[in-house]
Protein chains: 4
Amino acid sequence: MADPASTILRKGAVTRQKIVQQALLQFAARGVEAATLKDIANGVGISEPAVYRHFSSKAELIWQIFIDGYCGLAEEIERAAAAQSSLRGKIDSIIAAYCHLHDTNLPLFRFLFLTQHGQLSRMTEDMPSPVDVVLRVIEAGMATGEIPRGNATLVTALLFGLVTQPAVFHIYGRLPLGMNAYMATLSQAAWAVVTG
Amino acid sequence: MADPASTILRKGAVTRQKIVQQALLQFAARGVEAATLKDIANGVGISEPAVYRHFSSKAELIWQIFIDGYCGLAEEIERAAAAQSSLRGKIDSIIAAYCHLHDTNLPLFRFLFLTQHGQLSRMTEDMPSPVDVVLRVIEAGMATGEIPRGNATLVTALLFGLVTQPAVFHIYGRLPLGMNAYMATLSQAAWAVVTG
Amino acid sequence: MADPASTILRKGAVTRQKIVQQALLQFAARGVEAATLKDIANGVGISEPAVYRHFSSKAELIWQIFIDGYCGLAEEIERAAAAQSSLRGKIDSIIAAYCHLHDTNLPLFRFLFLTQHGQLSRMTEDMPSPVDVVLRVIEAGMATGEIPRGNATLVTALLFGLVTQPAVFHIYGRLPLGMNAYMATLSQAAWAVVTG
Amino acid sequence: MADPASTILRKGAVTRQKIVQQALLQFAARGVEAATLKDIANGVGISEPAVYRHFSSKAELIWQIFIDGYCGLAEEIERAAAAQSSLRGKIDSIIAAYCHLHDTNLPLFRFLFLTQHGQLSRMTEDMPSPVDVVLRVIEAGMATGEIPRGNATLVTALLFGLVTQPAVFHIYGRLPLGMNAYMATLSQAAWAVVTG
DNA sequence: CATGAATGAGGTTTCATTCAT
DNA sequence: CATGAATGAAACCTCATTCAT
């Protein structure tokens, strides 16, 4: 017999998920500080105190959304990179994962990379981070000689810049298409950067 | 003998400048929303309402700082680019200008590119923008054949990513040095990106 | 047995009513602008923000009190007039209603007719107004020939003057008694005015 | 040689007069509390502190305007009444003076009778008041038997009501013409009221 | 348990008034 | 002397959070 808990979400978990989604929408639309718990609760269709059944405070809500998304993405690109043997294959897979996240969950992408990197200071060493995943990939490439040696952290920063800045241009309408449309260019640029 | 009025600022202008500097510090330290006019005023050594003698609202203060810094930088890199004849020279000069701004006025750099690009939506066509300056440089390079044709806006976004993301890494201590230290790498990466 | 819900007010409704009463007291004592939400809240025994649970702003509080009182009085004198067949009977009933309101709810009377007729400009056609009730009574009297034809609106204004100005004299101690004491004179004067 | 001071106003007196007129405009437009010294000063074309050269405070400005207008009107209707021998003539002259003030200086009329009767409580016995002028006229009429005996103060209140309420109706557009247009009706109504 | 009601802290802003040039 | 600059007090209002039903 299938365990009901494994197939259907309990009511509480559904509400929690709705809160997260609504919060991301509000955060993207008005900024994290300007978004109020009242608006989030109203958007979900519940009362304000009901939010506290799922998150002990607004800060906790922000932190949970951040850490879930950030670590989730870290694990995802970890898998994506591991599935490729060549360095270029790994980089392309990672870029693809970023573009996919942007195009399928825009509020989360913006929250993670454009508005809430402030949460980064709360992260500890043991939490998986997309930055560390990419950093290790670059370091490995330098170790094997696939790419020239250099400041691996700086190269990692440059790669993140290639992915995040088009998203900023997207916000202000300068790049109207989804990130997926620019993937080939991103891939080429990334390879040009890492190979010097 | 120089007229004193042309060399010394009026008292009001001095206070205004102090408010701008203090506001940038607070904005960088705690975020634009969390920074209060009270703290800014206290930091300057004036009362809260005194700020309103110089800016009609907090939003106006934010906007003025943004537009002054953003347009000022636009004009600066315009000059920097015009002083160079080759495309690579232009790009290097622009990157140098960005790095210089970062290292000499860190709060302003962060305010302009990391925390307050939200103000971009209030900009109008006639305001000079660093993005447009770079975009025209890239378009010119494509027109002369110095670099391969492509989506100039996308390339511009990539270049901005190369410059802004190291600054983000700097905030979280992953890149401890000033941007100036990374300029050679940035220049090389930028050229690699534009030449494909 | 009566349903308790139909006889006792919910806690929220009680607080709302207390706010209205306290606001009227403060408005009458110090003027609408000078009366602060803080004083009103303190008078009720609640905190300042609690007022906003019941009224979305001070202006809304003022407007609600005005419109409730003004339309309520309109309906009351409508009934009072309808219960009388003769024109003089109608006028007397209306005057009696005004005097009764003055003597039983002095703050409301003053608020409606002496300090806040400014709210009149927000009224729309579909809201019942005491002025319109009286105006229709006068027009009917002119139509039936009970009183001579003339500018019905002007006559209505005169009647309102007969009722409101003694209330002003009352404020400054020139007419110490309640309006009820002057009702006979008011009735006689009103009839003299309408009959020319 | 004519003394200049007797023919032309000194600059200070001109400014003072401008302040008074501008204040009346602002008071009429937005209410006494909502009108700010800043707006008044700007309207006159002077700085805020300059107002304090002429009036020691806002309250003093309000009081001066009130007392000048109120006592001035008292003296005017005193003369108007004295010039007539019959009671009806006196009443008509007084009404004419009110209507004239309304039509020629609407802001002052509204300030004196509709918005600032709050100042009345600061008046002392020795200041001439329009109310007292009318009251004495009525008392004299009762003494000579021209009109029936009764509560003279109440009758005075009724007469004031006849004059002030049409002005209220005028504000809200119910009586579009100037008060002068309604003078005949006012006179007739006043006489009807005083004669019972 | 979910919610209407309430709160304490604090924010931006306005205003009458004074200071200092 | 007229004014730009500054201020203290206080107003309205918002928000995250808790209480009590």
Peer 1: Could you tell me whether S47(B) contacts a base, only the sugar-phosphate backbone, or nothing, with contacts defined as non-hydrogen atoms closer than 4.0 Å?
Peer 2: base
Peer 1: Heavy-atom nearest nucleotide on DNA chain E for P49(C) versus E48(D): which residue maps closer to 5'?
Peer 2: P49(C)
Peer 1: The side chain of I46(B) lies closest to which of these nucleotides: dT7(F), dT3(F), dA11(F)?
Peer 2: dT7(F)
Peer 1: Please figure out whether E33(A) or G45(B) has its closest DNA chain F nucleotide nearer the 5' end.
Peer 2: G45(B)
Peer 1: Check the distance between dT3(E)'s C1' and N42(A)'s CG and give it to me in whole angstrom.
Peer 2: 13 Å
Peer 1: Could you list by number each residue of residues 52-64 of chain D showing a heavy-atom separation from DNA chain E of less than 4.0 Å, or answer none if no residue does?
Peer 2: Y52(D), S57(D), K58(D)
Peer 1: Taking the side chain as every heavy atom from C-beta outward, state whether F27(B) and R110(B) have any atom pair closer than 4.5 Å.
Peer 2: no
Peer 1: Less than 4.5 Å apart, side chain to side chain, heavy atoms only: is that true for V51(B) and V44(B)?
Peer 2: no
Peer 1: Name the nucleic acid region contacted by A41(C), choosing base, sugar-phosphate or nothing; use a 4.0 angstrom heavy-atom cut-off, strictly under.
Peer 2: nothing
Peer 1: Side chain of L37(C) only, please: which of dG11(E), dC13(F), dA11(F) is the nearest?
Peer 2: dC13(F)
Peer 1: Any chance you could lay out the side-chain contact (heavy atoms from CB on, under 4.5 Å) test for L73(A) and F113(A), step after step, and finish with the verdict?
Peer 2: CA-CA 12 Å; L73(A) 181 63; F113(A) 297 107; 3.4 Å; yes
Peer 1: Nearest 0.5 Å please: distance from the CG atom of L108(C) over to the CZ atom of F66(C).
Peer 2: 10.0 Å
Peer 1: For residues L120(C) and I171(D), determine if any side-chain heavy atom of one lies less than 4.5 Å from a side-chain heavy atom of the other.
Peer 2: no
Peer 1: Heavy atoms, side chains only, cut-off 4.5 Å: are Y70(D) and Q119(D) in contact?
Peer 2: no
Peer 1: To the nearest angstrom, how far is D39(D) atom CG from dA16(E) atom P?
Peer 2: 9 Å
Peer 1: Please examine the side chains of I65(B) and F55(B), heavy atoms only from C-beta on, and report whether any two atoms are closer than 4.5 Å.
Peer 2: no
Peer 1: Answer yes or no: is there a donor N or O on one side and an acceptor on the other, between the side chain of K58(B) and the main chain of V32(B), under 3.5 Å?
Peer 2: yes
Peer 1: Under a 3.5 Å cutoff on both atom distances, Watson-Crick or G-U, what's the dot-bracket for DNA chain E ([ ] crossing, | other strand)?
Peer 2: .||||||||||||||||||||
Peer 1: Of Q22(C), R30(C), Q26(C), which meets side chain to side chain donor-acceptor pair (under 3.5 Å) against D39(C)?
Peer 2: R30(C)
Peer 1: Calculate the interatomic distance between K38(C) atom NZ and dA9(F) atom C1'; express it in whole Å.
Peer 2: 10 Å
Peer 1: Quick check on dA6(E): is either OP1 or OP2 less than 4.0 Å from any side-chain nitrogen or oxygen of T15(C)?
Peer 2: yes
